[in-house]
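None of the values given here were measured: they were computed from a predicted structure. What you see below is based on every heavy atom in this structure, not just the backbone, and it leaves out hydrogens, waters and symmetry mates. Every chain is numbered from 1, with letters handed out A, B, ... down the list of sequences.
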Amino acid sequence: MDLSNLNQKQREAVTSIGGPMLVFAGAGSGKTRVLTYKIAYLIQEIGLDPKNILAVTFTNKAAQEMKSRVHNLINVPIDGISIGTFHSIGANILRKEIKILGYENNFSIYDQTDSRSLIKTIIKDLDLDLKMYDPKTAQIRISQAKNNMQSPDELLSSSYNRIEERYAEIYKIYVNRLNENNSVDFDDLLVLPIKIFQESEEKLIKYQDKFKYVLVDEYQDTNKPQFELIYSLTKIHNDIFVVGDDDQSIYGWRGADISNILNFNEAFDNSKVVKLEQNYRSTQNILSAAWSVVSKNSQRSDKQLWTENEKGDLISILESFNERNESSKILKNFLEVKKNNQDSKNSDFVVLYRTNAQSRVIEDEFRKAGIPYQIIGGVKFYDRKEVKDLIAYMRLIVNHNDSVSFDRIINFPPRGIGKTTLNKIHSLLDDKKILDVISDLSLLDVGKKQKKSINDFYNLIRLYSDKSKNQSPSLLINDLIHDLGLKEYYMNQNTTESNDRWLNIEECINSIADYELLNKDTRLSDYLQEVSLLTDIDSWNKQDDVLMMMTIHSAKGLEFPYVFVGGLEEGLFPIVRPFEDGDIEEERRLFYVALTRAHKKVFLSYAKSRRKFGGEPIKTAASRFINEIPKKLINLDFISFDESHTNVQHNSNISIGNIVEHKLFGKGKVVNIEGEGANSKITILFFNNERKKLIYKYANLTILKES
DNA sequence: CTAAGTCACCTTTTT
DNA sequence: GGTGACTTAG
């Protein structure tokens, strides 16, 4: 195999076979190349069968790309390889083995919304107050417990008050309900395979034997179950190869444990470490800026990127009056770069931001200018109501236990089944399948009309269930939509909104057809699994010449010649939450990730005031991260004040983050300010955890500490 | 039971 | 400025 495209370190990583290896791969150091060559090398030079390789990537898209790159390198079919995200690999294992745990292999995969609505039902069933026992909090607690691999009983015994105990109780019921619904949530996709391996030595050996070589990308963002999974799979043969960069660890908030990478050689005996420090992506100036920022972090492995690339442009700072102004400056600079670089394409540019909410204003500006763009993230296609409704039909057709989907569609489109009737159905549930409950309506005490429509619904689902055994998903869905009269339903409303909804249904039909084309002999359940694990980024077509907009989290692993980062303001990036020392080091790593996406040029932008929730503008200050970049790397010419807007009043000396005292309510922290001056409304989170909104001029606050 | 209208909370980040 | 939960009139 020709390895002349690799530098010496990369070659070492590729050719050193056997035993655990950790590759510290800095941003732009050829990490993907190393992984691709490694897989190709294992197949071609070592003679490993592709089906004995497990490769974990961070997105499904990355998996697809890796597969085709390896194929291009060695020209041998590698269809047998197991490659995908942790979640999709977990799902595939469960499809085959979940019977051991008392589920059927046609299980549904619940997303966050589905799982939250199940939790909500449970809290209501327990007659608990939804204000006191918040479904969202419960969901977070449960997810954390699962990611710590804590059982409901373990959570219960570690609870320190009544409320926490209740959450543990909700957790316990939730686990049972999922099981009764023959459904799993996202966390289960990681945790249940581990459980199978714990309970069945035979299965564990089977998979240890199958996955003779295990490779993991973005290792710095693995969490406890993910570590556990690969640890148990590789325990015997020890052939594990991981690639990562602790400086790019940005998923701590969802349980990713940076110590997985920092302590790799303690977990895996006799491991080797290779550091890739030569960067091929960015200019020297960008790298120096990135370095000056991330080196402020205390918890990091020792390494420093270097490059042979030219110094390049300085980093430009764009200062704006407000978020609208910011958007137009981004647009203006985009147009200018394009003008000065005639061969640059729209797709050479990306606009990054900390939160999805920031995209709207920027989007407006580019739409008005007629620049084609695509937004990744935000409200996902498969999260839309109409799409979820359709998916719920498919799920119930496949899985008759799925009560969450049942509840969703029993009265959609409206067929006269209300809350009362639904409650009566649920009271007959016991441990039956939800669909079987309505197979016999003699026990159900509801009106004639209701009975008729429930019965029609039952027959419809049964009919399509039978059809699904020998009809292709796309034909099936077309018929179903026709039978439900969905087109008429949306068209009759004849609003822009309902028209949009119908278009989304059509897009959904297309996506099924596409999926069918790419995957022979697809069953409905395959498509459903695909859909639940798909993210926006997976559907991004790189061929399209469009400018991209996305959060920095979504941009992980991507690169662009020109990068704009918007909203570099204290409180937004880095984001800070009252009474919680948010992880500033993780925010800094996020900023590092943002900078290192760029090949040629970075624009950092901030606004001096910004609206939140469409409310009054709030004064904002430039992000500390901007000040962490040495002045010599910054192009100050780009700082321009908007003269027309300089007469802003800023007479109140109170600002977000101040600790204040109120005569009546005591001490608290300012978390929000709406408006300016004496009439501004100050939101204060008092130390007794009460939140109050006060008018500044009446509140008579004493500022105890400036933030 | 439905549809239309009001309200509260929201925004970190995602598989 | 958007969503989902709750309310109220038919």
What's [X] touching, base or sugar-phosphate or nothing? Going by heavy atoms closer than 4.0 Å.
| X | result |
| --- | --- |
| Tyr251(A) | sugar-phosphate |
| Thr59(A) | nothing |
| Arg360(A) | sugar-phosphate |
| Ser88(A) | nothing |
| Gln450(A) | sugar-phosphate |

| request: Check side chain to side chain donor-acceptor pair (under 3.5 Å) between Glu616(A) and all other residues, then give those that pass, not counting sequence neighbours. | output: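 Glu616(A) satisfies side chain to side chain donor-acceptor pair (under 3.5 Å) with no other residue.
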| task | Establish, with yes or no, whether the OP1 or OP2 oxygen of dT15(B) is under 4.0 angstrom from a side-chain nitrogen or oxygen of Lys556(A). | result |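 No.
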| request: Could you give me the CA-CA distance, side-chain angles and deciding distance for Asp247(A) and Arg300(A), then say whether salt bridge (charged side-chain N to carboxylate O under 4.0 Å, His left out) is met? | output: CA-CA 7 Å; Asp247(A) 287 336; Arg300(A) 57 187 297 275; 2.6 Å; yes
| request: Answer with yes or no whether the side chains of Ser609(A) and Asn322(A) bring together a donor and an acceptor at under 3.5 Å. | output: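 Note: Asn322(A) and Ser609(A) side chains miss the donor-acceptor criterion.
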| query | Can you name the salt bridge (charged side-chain N to carboxylate O under 4.0 Å, His left out) partners of Lys452(A), sequence neighbours left out? | reply |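 Only Asp456(A) meet the salt bridge (charged side-chain N to carboxylate O under 4.0 Å, His left out) criterion with Lys452(A).
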| request: Please map the stems of DNA chain C, keeping only stretches of three or more Watson-Crick or G-U wobble pairs with both distances under 3.5 angstrom. | output: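 The stems are B:1-9 with C:2-10.
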| What integer number of Å spans the P atoms of dT13(B) and dG4(C)? |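 Approximately 15 Å lies between the P atom of dT13(B) and that of dG4(C).
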| task | Please figure out whether Leu534(A) or Asn411(A) has its closest DNA chain B nucleotide nearer the 5' end. | result |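 The residue whose closest nucleotide sits nearer the 5' end is Asn411(A).
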| task | Could you pick out which residue, Gly614(A) or Thr113(A), lies toward the 5' side of DNA chain C when each is mapped onto its nearest nucleotide? | result |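 Closest to the 5' end, via its nearest nucleotide, is Gly614(A).
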